[in-house]
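Computed over heavy atoms, backbone and side chain alike; hydrogens, waters and symmetry mates excluded. The chain is numbered in sequence order, starting from 1. It should be emphasised that the depicted structure is a prediction, and the values quoted were computed from it without experimental measurement.
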Amino acid sequence: MSHTLGGPRLAAEMLPVLLHDLNNHTQYLSALASLTGAGEAPPRGGDGLARTGQEVEELGWLLGLCAGGFGTDLLHDRTERRGLPPLVALVRKVLRRAGHDIERADRELPDLPTRVGWRGAWRVGELLHACALVTDAPLAWELCAADAGLRLDCYVDRANLPADVLGTAILEEDAHLVRFHVRAETVA
């Protein structure tokens, strides 16, 4: 099967994962409502509710990205400075469901530059996904801020990458390094 860049494919693979996470939060909130409705105090003084609120806010960002992958721009010019960590975590969940993985998904990631916005975040997710699908081992990768955007380095045999992925890459001498520059002009 050919693995190409494609928002709808990644978005379709993300939806069940997002739905599962959202369902977990809904179950927690239902249980909390039952407790408080019976006159009980929230466990741990409401710490779980605060954490759930934060995680549901991240899910809103991820659902907006997913909608963008399907071609609906719900986020417009919205960006989340810390929007890359939840996206990378979600891409990893999607990959693991398909028997693939990325190395060190919980690493420190750069802030998302305002100029590249949600489209830049989505492009990073697409590229990680596409590169990880063509390797049997967890994908080695690096992401850093560079030139008013982001630079994603994926260590994968470029011969295995589909043409549409390879066509967006900057090829280095090393045949196992594929470099991508994600800037505002490349994601508009």
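- Both Leu171 and Val156 belong to a single network of hydrophobic side chains, linked directly or stepwise wherever heavy atoms of I, L, V, M, F, W or Y lie under 4.5 Å apart.
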Might you work through the side chain to side chain contact (heavy atoms under 4.5 Å, CB included) test for Arg82 and Asp111, ending with a clear yes or no? CA-CA 5 Å; Arg82 296 299 306 149; Asp111 287 345; 2.9 Å; yes

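- With sequence neighbours left out, the side-chain contact (heavy atoms from CB on, under 4.5 Å) criterion links Arg51 to Arg44, Glu55.
- Residue pairs that meet the salt bridge (Lys or Arg N to Asp or Glu O under 4.0 Å) test with at least one member in residues 139-148, sequence neighbours left out, are Arg104-Glu142, Arg107-Glu142, Asp147-Arg183.
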Apply side chain to side chain contact (heavy atoms under 4.5 Å, CB included) to Thr135 and Asp157, showing your working. CA-CA 8 Å; Thr135 184; Asp157 184 351; over 6 Å; no

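- For residues 58-71, the set of pairs meeting the salt bridge (Lys or Arg N to Asp or Glu O under 4.0 Å) definition, not counting sequence neighbours, is empty.
- Remark: Ala132 pairs with Leu95, Ile102, Leu139 by the side-chain contact (heavy atoms from CB on, under 4.5 Å) rule, at least two apart or across chains.
- In this structure, Leu74 shares a hydrophobic cluster with no other residue, the cluster being traced through Ile, Leu, Val, Met, Phe, Trp and Tyr side chains under 4.5 angstrom apart.
- Residues satisfying the side-chain hydrogen bond (donor to acceptor under 3.5 Å, both in side chains) criterion with Arg151, sequence neighbours excluded, are Asp153.
- Other residues sharing the hydrophobic cluster of Leu29, ordered by chain and number and joined by side-chain separations under 4.5 Å: Tyr28, Leu32, Leu49.
- For the pair Phe180 and Leu143, the minimum side-chain heavy-atom distance is 4.5 Å or more.
- Evaluation of the side-chain hydrogen bond (donor to acceptor under 3.5 Å, both in side chains) test over residues 29-41, restricted to residues two or more places apart or in two chains, returns none.
- Checking each of Leu62, Val91, Leu59 against Pro86 for a side-chain contact (heavy atoms from CB on, under 4.5 Å) leaves exactly one that passes, namely Leu62.
- Legend: residues meeting side-chain hydrogen bond (donor to acceptor under 3.5 Å, both in side chains) with Asp73, ordered by chain and number and at least two apart, are Trp118, Arg119.
- In the hydrophobic clustering of this structure, Leu18 groups with Leu10; members are Ile, Leu, Val, Met, Phe, Trp, Tyr whose side-chain heavy atoms approach within less than 4.5 Å, directly or through other members.
- Applying the salt bridge (Lys or Arg N to Asp or Glu O under 4.0 Å) rule to pairs touching residues 10-39 yields Arg9-Glu13, Asp21-Lys93, sequence neighbours excluded.
- Tracing side-chain contacts under 4.5 Å through hydrophobic residues (I, L, V, M, F, W, Y), one never reaches Leu19 starting from Met14; they form parts of separate clusters.
- Judged as a salt bridge (Lys or Arg N to Asp or Glu O under 4.0 Å), not a single pair has a partner in residues 127-136 (not counting sequence neighbours).
- Val182 and Leu166 end up in the same hydrophobic cluster when Ile, Leu, Val, Met, Phe, Trp and Tyr side chains are linked at under 4.5 Å.
- Residues that satisfy the side-chain contact (heavy atoms from CB on, under 4.5 Å) test with Asp174, not counting sequence neighbours, are His176, Leu177.
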Start with the C-alpha distance between Cys131 and Trp141, add both sets of side-chain angles, then the distance that settles side chain to side chain contact (heavy atoms under 4.5 Å, CB included), and finish with yes or no. CA-CA 9 Å; Cys131 289; Trp141 61 285; over 6 Å; no

